[in-house]
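Step one of this worksheet: look at the structure below.
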There are 2 protein chains.
Amino acid sequence: MDEKEFFCRRSEQPDDGVYVSTCPVTYALGIIGQKWKLPILWHLFPREATRYNELKRSVRGITNMMLTKSLHELEEHGLVERRQYETVPPRVEYSLTPRGRSLFPTLKELYRWGEEQMRLDELRKA
Amino acid sequence: MDEKEFFCRRSEQPDDGVYVSTCPVTYALGIIGQKWKLPILWHLFPREATRYNELKRSVRGITNMMLTKSLHELEEHGLVERRQYETVPPRVEYSLTPRGRSLFPTLKELYRWGEEQMRLDELRKA
DNA sequence: CAGTATCCTGGTGGATACTG
DNA sequence: CAGTATCCACCAGGATACTG
């Protein structure tokens, strides 16, 4: 990845007016950029598996709708795995796949930068 | 930054119903997460300075409204610097601050991960 | 050239109720 | 327990026109 190749490329499709991004950063944000994705992943990171309702309790403020939708999307992208036990009452557990865990170093970088920015912004306000 | 400290914390303020995120990742995405921020930064990265209209031409599809708004916000957060020359017609140049450039390693990480995900998704479709 | 000022649309995310 | 099904509000982002 040299510098010239790094910068965002967009492929233009004038026929239907649709721009398809081929930019990996945009692609990544499309996977983890929505409101609840990261809070969910955060809860899963340090754990083996988590049940639906435990997740719902831990991710403050999330509704069934959003939790279900987010989990589906994360599953579709292969970051999260759903395991269902055929018991009564039902028991469903969610866990990170290796692919989900591969996000950790990247998030750590983002965390580091964000933390730096928070400190700098604090200093400017003071 | 140990693992326990890493995960997202939100401070709850029940009085006005507002949740203020103290999570550095959320903070970072609040700065660079909007639609046009990264495309703009991308154009600035390999350059010394760029004029307003050059930026507008390069960032495909952006309107005056969005370009102006995004640049203002980037300036507020100290990532971008605006320099105005008192000539007729006016000449305004935008460039990255050191703080803006400090984003580069982080973006490279996100790029790397996103690229990996794109390849994996391609393989699954095939 | 480098922006502002208005007005408006669409779609993310939320509220609420219901169920295998 | 672990979800669906409907309906809805809000605001990021866009279209268009105008200007120092």
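Each chain gets a letter, A, B and so on, in the order its sequence line appears, and its residues count up from 1.
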What nucleotide, of [options], holds the atom closest to the side chain of [X]?
X     : options               : result
B:Q34 : C:dA15, D:dG13, C:dC1 : D:dG13
A:N64 : C:dC1, C:dT16, D:dG3  : D:dG3
A:V92 : C:dC1, C:dG14, D:dG3  : D:dG3
A:N53 : C:dG3, D:dA2, D:dG14  : D:dA2
A:T63 : D:dG3, C:dG14, C:dA2  : C:dG14
A:R51 : D:dG3, D:dG20, D:dC1  : D:dC1

Quick one: [X] [atom1] to [N] [atom2], roughly how many Å, whole number?
X     : N      : atom1 : atom2 : answer
B:M66 : C:dA5  : CE    : C1'   : 13 Å
A:I62 : C:dT12 : CD1   : P     : 16 Å
B:M65 : D:dC18 : CE    : P     : 17 Å
A:E86 : D:dA2  : CD    : P     : 13 Å
B:R57 : C:dG3  : CZ    : P     : 14 Å
B:K35 : C:dT12 : NZ    : P     : 12 Å
B:W36 : D:dG13 : CH2   : C1'   : 10 Å
A:L67 : D:dA5  : CG    : P     : 16 Å

Find the bend of the helix from C:dC1-D:dG20 to C:dG20-D:dC1 as the angle between its two terminal axes (five pairs each), to the nearest 10°. 60°
For B:R91 and for A:P90, locate the closest nucleotide of DNA chain C by heavy-atom distance; then report the residue assigned to the nucleotide nearer the 5' terminus. B:R91
[X] side chain near [Y] side chain, heavy-atom distance below 4.5 Å:
X     : Y     : answer
B:I32 : B:H77 : no
B:I40 : B:F45 : no
A:E54 : A:K56 : no

Closest non-hydrogen atom pair, B:G30 against B:Q34: O-NE2, 3.2 Å
Hey, are [X] and [Y] close enough for a salt bridge, meaning a charged N less than 4.0 Å from a carboxylate O?
X      : Y      : answer
A:R112 : A:E109 : yes
B:E93  : B:R91  : yes
B:K37  : B:E73  : yes
B:E115 : B:R119 : no

Just call it for B:Y85: base, sugar-phosphate, or nothing, with non-hydrogen atoms closer than 4.0 Å on any strand. nothing
Distance col, row B:I62:CD1 vs B:L71:CG, nearest 0.5 angstrom, shows 7.5 Å
Is there a chain of hydrophobic side chains (I, L, V, M, F, W, Y, each step under 4.5 Å between heavy atoms) that links B:L41 to B:F104? yes
Any side-chain N or O of A:Y94 less than 4.0 Å from the OP1 or OP2 oxygen of D:dC1? no
Residue-level proximity of residues 68-81 of chain B to DNA chain C when a heavy atom falls under 4.0 Å: B:T68, B:H72
